[in-house]
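Below is one structure, written out as structure tokens; the observations come after it.
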Amino acid sequence: MGDGRGPEGAVVTALLDDGPHQAVADVVRARLRMVPEGARALTAAEASPQDPQARALLTAAVAHLLASDPAFAQYLATTALGRPAGPRTVQLRTGPAGPPPPKGPATVQLRTGPRPESPGTVQLRVDPGAARAGLLTGRRSSTGILVALALVLIAALVALGIHLGSRPLLKPGGPGLAHAAQPLRDPALVQGVLPDEGAMPSGWRVQRAAESGTGTADPARCLLPDSCDQQLAYATVTFGAASVQTVEFGVTAFASPEAAARAFDTVLERTGGEEATAVAVPRIGDRSATRTLGTGTAVALVRVGSVLLIVRDEGPGAALTAPGLTLFAGLFADRARQAQDGRTPDASARGTAG
């Protein structure tokens with residue numbers, strides 16, 4: 001039995017009752033314990049799982065968590081626990097079930113009611129001969145229409161200088177698809193890839209201010225020991241939430257996508273070890289990987305063009321909430337793509353820009 005109509009009702013049921021979705025429930029449980037109010041409500045409800053007041057308080061705590069942390073709410077929406085129940089199924093019956101149809105024009109029944117005789121049954125009668133004739137005519141006419149539309153589209157693209165929106169479709173110097181603009185050499189541009197408080201979910205505040213520099217300013221920051229000259233610039237910033245969790249964003253720009261790819265491999269090897277565990281998550285950017293280090297650290301690596309992004313989550317339950325970390329990585333990747341396309345990064349967890 002649920003405790004509400006929204007996703008928080010299903011979450012509370014999974015938290016307190018045995019059933020499916022326990023893996024996702026463990027992630028929510030760890031996230032609730034990061035906030036004092038959530039921890040108190042969870043402890044009280046687990047002590048008296050059948051107490052209506054305790055369940056109501058836990059439902060309110062879950063609702064507050066989802067409202068205050070849109071990134072986590074988005075992660076939950078991608079799980080079976082957070083997805084709403086699907087709409088009522090409509091069946092299109094064309095088989096021989098039921099009494100045989102009358103001779104003559106074909107009959108198709110669209111049933112939305114529980115019984116054939118219910119008001120939800122709609123019959124569509126189609127003359128087979130007319131249908132075949134109409135189909136042949138439609139094929140002939142649609143072919144001409146498609147050819148005409150294709151010619152109009154080509155003419156329009158030529159007239160617009162082969163541009164779609166603000167991104168060129170073809171490279172100015174020759175054929176081929178244009179993906180990334182020139183490498184980001186200016187530390188100020190690289191720092192612009194970092195999210196600010198306005199781009200983060202509510203409740204996250206800058207804990208360590210953004211800093212940036214050139215790739216050779218600090219040898220310790222070189223991610224390609226044999227090719228430090230290929231590393232152009234870097235920038236970092238750290239955010240904190242609930243005084244127990246921090247997320248650090250690091251971006252490094254390279255002279256080419258190939259150099260960034262080698263740096264990705266180097267950092268991925270460095271994050272390996274006995275405590276490292278790979279987390280299966282959807283791919284982000286051109287290449288990505290997420291790993292947990294023990295129970296309190298999760299790291300996401302992403303390459304977008306010639307830029308390498310690192311997102312590091314530190315705090316209780318970070319390993320359990322690693323799938324949610326990919327939402328921050330996705331936001332970061334969007335901003336890196338915007339910068340390499342020559343645009344001012346404005347992607348935000350509160351409404352990512354295109």
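Predicted model only: the values in this text are computed from it and were never measured.
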* Linking I/L/V/M/F/W/Y whenever any side-chain heavy atoms sit under 4.5 Å apart, do V281 and V28 land together? -> no
* Should V193 and F332 count as side-chain neighbours, where that means a heavy-atom distance under 4.5 Å? -> yes
* Check whether L223 and L301 end up in the same hydrophobic cluster, where Ile, Leu, Val, Met, Phe, Trp and Tyr are linked by side-chain heavy atoms less than 4.5 Å apart. => yes
* To do: Might you point out which heavy atoms bring L232 and P183 nearest each other, and give the distance in Å?
  => CD1-CB, 3.7 Å
* Asked: Under 3.5 Å, is there a donor-acceptor pair between the side chain of Q191 and the main chain of E211?
  -> no
* Which is it for R291 and L268 under the side-chain contact (heavy atoms from CB on, under 4.5 Å) test, yes or no, and what are the steps along the way? -> CA-CA 9 Å; R291 287 183 171 178; L268 187 62; 3.7 Å; yes
* **Single-linkage hydrophobic cluster, 4.5 Å side-chain cutoff, V247 and I310 together** => no
* **Distance in Å, L58 CG paired with E8 CD, rounded so as to fall on 0.5 Å steps** => 10.5 Å
* To do: Measure the shortest side-chain to side-chain distance between D51 and P49 over non-hydrogen atoms and say whether it is less than 4.5 angstrom.
  => no
* To do: Go through the steps for Q207 and F239 under the test side-chain contact (heavy atoms from CB on, under 4.5 Å), then give the verdict.
  => CA-CA 5 Å; Q207 190 173 85; F239 291 87; 6.0 Å; no
* 4.5 Å side-chain heavy-atom contact, R40 and L57 -> no
* **L194 side, atom CG; S212 side, atom OG - distance, nearest 0.5 Å** => 8.0 Å
* Asked: Is the shortest heavy-atom distance from the side chain of L293 to the side chain of R312 under 4.5 Å?
  -> yes
* Could you check if a side-chain atom of R31 sits within less than 4.5 angstrom of a side-chain atom of L76, using non-hydrogen atoms only? => no
* **Side chain to side chain, R208 and E248, heavy atoms closer than 4.5 Å** => yes
* Asked: Checking S68 side chain against L65 main chain: does a donor-acceptor pair fall under 3.5 Å?
  -> yes
* **Atom pair CZ/CG of F254 and L224 - distance to nearest 0.5 Å** => 5.0 Å
* **N/O donor-acceptor pair under 3.5 Å between E197 side chain and V206 backbone** => yes
* Asked: Side-chain heavy atoms under 4.5 angstrom apart, residues restricted to Ile, Leu, Val, Met, Phe, Trp, Tyr: same cluster for V302 and V267?
  -> no
* State the CG-CZ distance between D286 and R303, to the nearest 0.5 angstrom. => 4.5 Å
* Asked: Is L184 reachable from L309 through a run of hydrophobic residues whose side-chain heavy atoms are each under 4.5 Å from the next?
  -> yes
* Side-chain touch R221/T252, heavy atoms, less than 4.5 angstrom -> no
* Should the pair R55-D17 be classified as a salt bridge under the 4.0 Å nitrogen-to-oxygen rule? -> yes
* Asked: About how many Å separate CG of L308 and CZ of R287, when rounded to the nearest 0.5 Å?
  -> 10.0 Å
* Asked: Do R337 and D334 meet the salt-bridge criterion of a basic N to acidic O distance under 4.0 Å?
  -> yes
* Asked: OG1/T59 to CG/L15 distance, rounded to the nearest 0.5 angstrom?
  -> 9.5 Å
* To do: Side-chain contact test, heavy atoms from C-beta onward, threshold under 4.5 Å: evaluate it for M200 versus F249 and give yes or no.
  => yes
* Identify the two heavy atoms, one from V237 and one from A209, that lie closest to each other, and give their separation to 0.1 Å. => CG2-C, 4.2 Å
* Hey, does the side chain of E37 reach the backbone of H64 with a donor-acceptor pair shorter than 3.5 angstrom? -> no
